Amino acid sequence: MTRDPTPAQNTPPAEETGGPLTLQLTLQVEPCPEDAGRYRWTLRAGLHPVRTAPYALPDAEAAWVQGRAAFAEAAALQRDTTPAAPH
């Protein structure tokens with residue numbers, strides 16, 4: 001995962017992107033449309049949502065923490081289900 005540094009702030013960047021996966025995943029954290037004081041994360045493959053937080057979280061940092069866990073799980077599932085190249 002890469003993350004743009006946010007100097008002198010604890011505010012996370014708009015998105016994170018994954019490493020060399022077969023399917024490039026992006027983690028986005030944004031305010032909830034229903035409640036701007038709460039946040040949700042979404043994993044996307046290109047423009048397509050792959051997985052979204054099932055509920056709103058109280059702050060952006062909590063959304064980043066849960067979103068990163070979901071990102072790691074999705075990357076592991078993809079890695080474990082991608083056939084290995086022949087030797």
Side-chain angles (χ1 to χ4, degrees):
M1 285 183 267
T2 59
R3 181 173 171 168
D4 295 333
T6 308
Q9 294 181 19
N10 290 329
T11 306
E15 62 184 43
E16 285 189 11
T17 57
L21 299 174
T22 304
L23 184 64
Q24 185 69 31
L25 297 175
T26 303
L27 169 60
Q28 294 180 311
V29 170
E30 54 198 6
C32 273
E34 301 86 14
D35 183 356
R38 298 178 71 78
Y39 292 82
R40 285 202 173 132
W41 55 263
T42 302
L43 290 180
R44 295 183 185 279
L47 298 176
H48 305 285
V50 175
R51 189 169 171 195
T52 302
Y55 49 85
L57 296 149
D59 57 46
E61 189 58 34
W64 279 109
V65 169
Q66 285 194 12
R68 282 188 202 107
F71 187 98
E73 180 182 8
L77 285 169
Q78 186 171 2
R79 181 195 65 233
D80 295 345
T81 58
T82 301
H87 297 277

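Computed from a predicted structure; not experimentally measured.
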Decide yes or no for Arg44 and Gln28: does some side-chain heavy atom of the first lie under 4.5 Å from some side-chain heavy atom of the second? yes
What's the shortest heavy-atom distance between Leu43 and Ala74, and which atoms? CD1-CB, 4.0 Å
Looking at Arg38 and Ala56, would you say the former's side chain and the latter's main chain have a donor-acceptor pair under 3.5 Å? yes
Provide the full list of side-chain hydrogen bond (donor to acceptor under 3.5 Å, both in side chains) pairs with a residue in residues 45-54, sequence neighbours left out, each pair given once. Arg51-Glu73
One should read off an interatomic distance between Tyr55 OH and Gln66 CD, to the nearest 0.5 angstrom, of 4.0 Å
To the nearest 0.5 angstrom, please state how far the OG1 atom of Thr42 sits from the CG atom of Leu25. 12.5 Å
Say you draw a straight line from CG of Leu27 to CH2 of Trp41; how long is it, rounded to the nearest 0.5 Å? 8.0 Å
Looking at every non-hydrogen atom in both residues, tell me the closest pair between Cys32 and Arg40 and how far apart they are. SG-CG, 3.2 Å
Looking only at non-hydrogen atoms, find the nearest pair between Ala63 and Tyr39 and report the distance. CB-CB, 3.9 Å
